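Both counts, for ligands and for their atoms, begin at 1 and track the order of listing. Quick caveat: nothing in here was measured; it's all calculated off a predicted structure. All values below were derived from every heavy atom in this structure, side-chain atoms included, with hydrogens, water molecules and symmetry-related copies excluded.
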Amino acid sequence: MNLRALAAKVIFQVLEKGLSLSVALPDQQRHLDNGKDKALLAELCYGVMRVLPQLDKQVSDCMSKPLKGKQRIVHQLLLVGCYQLYCTRIPSHAAISETAEACRQLKFEGLVKVVNAILRNIQRQQKPLSSANETLQYNTPAWLIKRLQSAYPDKWQEIIEQSHQRPPMWLRNNQKIQSRDDYLTRLHDHDITASTGSSDDAILLESPIDVMKLPDFSAGSVSVQDGAAQWAASLLTPKEGELILDACAAPGGKTCHILEIESNIKLIAVDNDAKRLERVQQNLDRLSLEATLIHGDAANIDAWWQGDKFDRILLDAPCSATGVIRRHPDIKWLRKNSDIEELARLQSTMIDHCWHWLKPGGTLLYATCSILPQENSEQIRAFLARTPDARLDTLIQQKNQESIGWQITPGQENMDGFYYARLIKD
Ligand SMILES: C[S@@+](CC[C@H](N)C(=O)[O-])C[C@H]1O[C@@H](n2cnc3c(N)ncnc32)[C@H](O)[C@@H]1O
C-alpha cells in the first residue's frame, strides 16, 4: 500500500478511534522496508497533527458536503494531500497523483476523481492566512488556548509557538560507563555536534540522528531522554542503601537514570499498565540494571506492598502531557478540557496515597510533563494545605522563587515542558 494511504490510516486511527500516534504509527510503519519511507510517513502524520485545523478548514471549504462514516478516511487522506502541498517540498504533481492513487488503494475508486479535483483546487490557492478564530490561528484547541492564556498571560503565545517546533534530540550520558565529557569527545570524533544541558548527564544534539549511529548505544553508553525529564533522578538524589519507589515507572527512562546515579539501592518500579511495564524491563536489560518490577496501582500500594515505608518516592504522575506537545502533537486532539479536572483528581489521590508510604524524613518528588497549574502548582498548594507533615524543599524553590515548585515551559533551555515539586516529610 502506498505511503499516503498508510498515513491516512494512521490519522484515521488517531482522530476517529482515539489512538495515540506513538501506537498507530509504528503499526503502519511495519509495512515499509525503507528507512526514508518510514521517516516520510512519520513526517506526514506528525505534520498533519501540528496544523490540523488549518488543513481541515481548507479541505472542508473545497467540498460540497462532508464525507461521513467509512468514507471519513478519504477526508483524512485529503488532509495528507493538503499538508504535502502546503508544508513540504514534495512536487505538487507527485503529491496529487500519489494521493489519488492512495484513494484507489483504500478502495474508494469512486472518489479518486474528487480527491484529484480538490487537491488541484487547493494547489491553485495560496496558503490561506487563517486568523478567523484562535483555533485556526494557533492550530490549538480553544479550551487549551484559554487555559494557557489564564496561566501564562504574558507568555502563552510563545508557549504555543514552542509547542509547534520540531523537538531536539537529547541524550542521557550513562555516568556508570563514562563521564559526560568523555562521551562528548567520542561524539565529536564521530562528527556529531553536541553540547551539554543544565542537568549533570544531559547532552543536546545539534540535529537528531538514528540511535544506531551513536557510539556504543547498544552497549548502554547513552539513552535518549529529554533534558527536562533528566532532572527527575538528579532531584530525587538517591543515596546508597535506600528503599526507593518509582510509582509510575513505565517505560522506565527515569527508573534507569536513578539506577545509573546510584545502583546500590532497592528500587521498586510500579506501573498499572502491564504492556508498558515490559518496556521497563527491556530498558533495564539494555543498561544491565536491576529493579523489582510490580504491576500495580500507585493509588493502592497496600494491595501489593507489605514491606517498609520508602526513603524516597518518585511520583511521575499521569497527566495531560501538555508540556510535550512538540513531541506528541496528537495530544492536542486526544485530550479534552474535562480530562484536566479528572487527571487532577487522580493525581491528588495518588500523591496522598504515596505520602502515606513515605518514611518520616523521606523525600517525595512529584513530577508531570504538564504545563497546566491545575496539575502542578495548584495541585501541590492544595496538598500542602491538607498535609500538616509536608513541606516544600528549598532545592527546587531556588530555581523558581515566585511559584510553588519548578515549572519548565516548552523550549526553555531547549527542554520539554515539565514540572517538579520536592516534598519532605517531617
Ligand atoms: C508519565 S508516565 C511515566 C513515565 C516514566 N516515569 C518514565 O520516565 O519513563 C505515567 C505512567 O503512569 C502509569 N499509571 C497511570 N495510572 C497509574 C496508576 N494508578 N498506578 C500506577 N501507574 C499508573 C501509566 O501507565 C504511565 O506509564
To check your reading of the model: name the closest protein heavy atom to [atom], its residue, and the distance in Å.
atom: atom 22 (N) of ligand 1; value: Asn272 N, 3.2 Å
atom: atom 11 (C) of ligand 1; value: Asp271 OD2, 3.5 Å
atom: atom 4 (C) of ligand 1; value: Ala250 O, 3.0 Å

- Does Ala232 have a heavy atom less than 4.0 Å from any atom of ligand 1? no

Measure [X] to ligand 1 on non-hydrogen atoms and call it side chain, backbone, both or neither using the 4.0 Å cut-off.
X: Ala249; value: backbone
X: Lys254; value: both
X: Ala229; value: neither

- Residues forming a side chain to side chain contact (heavy atoms under 4.5 Å, CB included) with Glu290, sequence neighbours excluded: none

- Decide yes or no on ring pair (Phe, Tyr, Trp, His ring centres under 6.0 Å) for Tyr138 and Trp156, but give the supporting numbers first. CA-CA 11 Å; Tyr138 296 106; Trp156 63 274; 5.2 Å; yes

- For atom 20 (N) of ligand 1, the option (of Ala321, Ala299, Ala298, Pro251) bearing the nearest heavy atom: Ala298

- Of all residues at least two apart in sequence or in a different chain, which pass the ring-ring contact (aromatic ring centres under 6.0 Å, His included) check with Phe310? Trp305

Which of the numbered atoms in ligand 1 are below 4.0 angstrom from a heavy atom of [X]?
X: Pro318; result: 15 (C), 16 (N)
X: Met350; result: 16 (N), 17 (C), 18 (C), 19 (N), 20 (N)
X: Gly252; result: 7 (C), 9 (O)

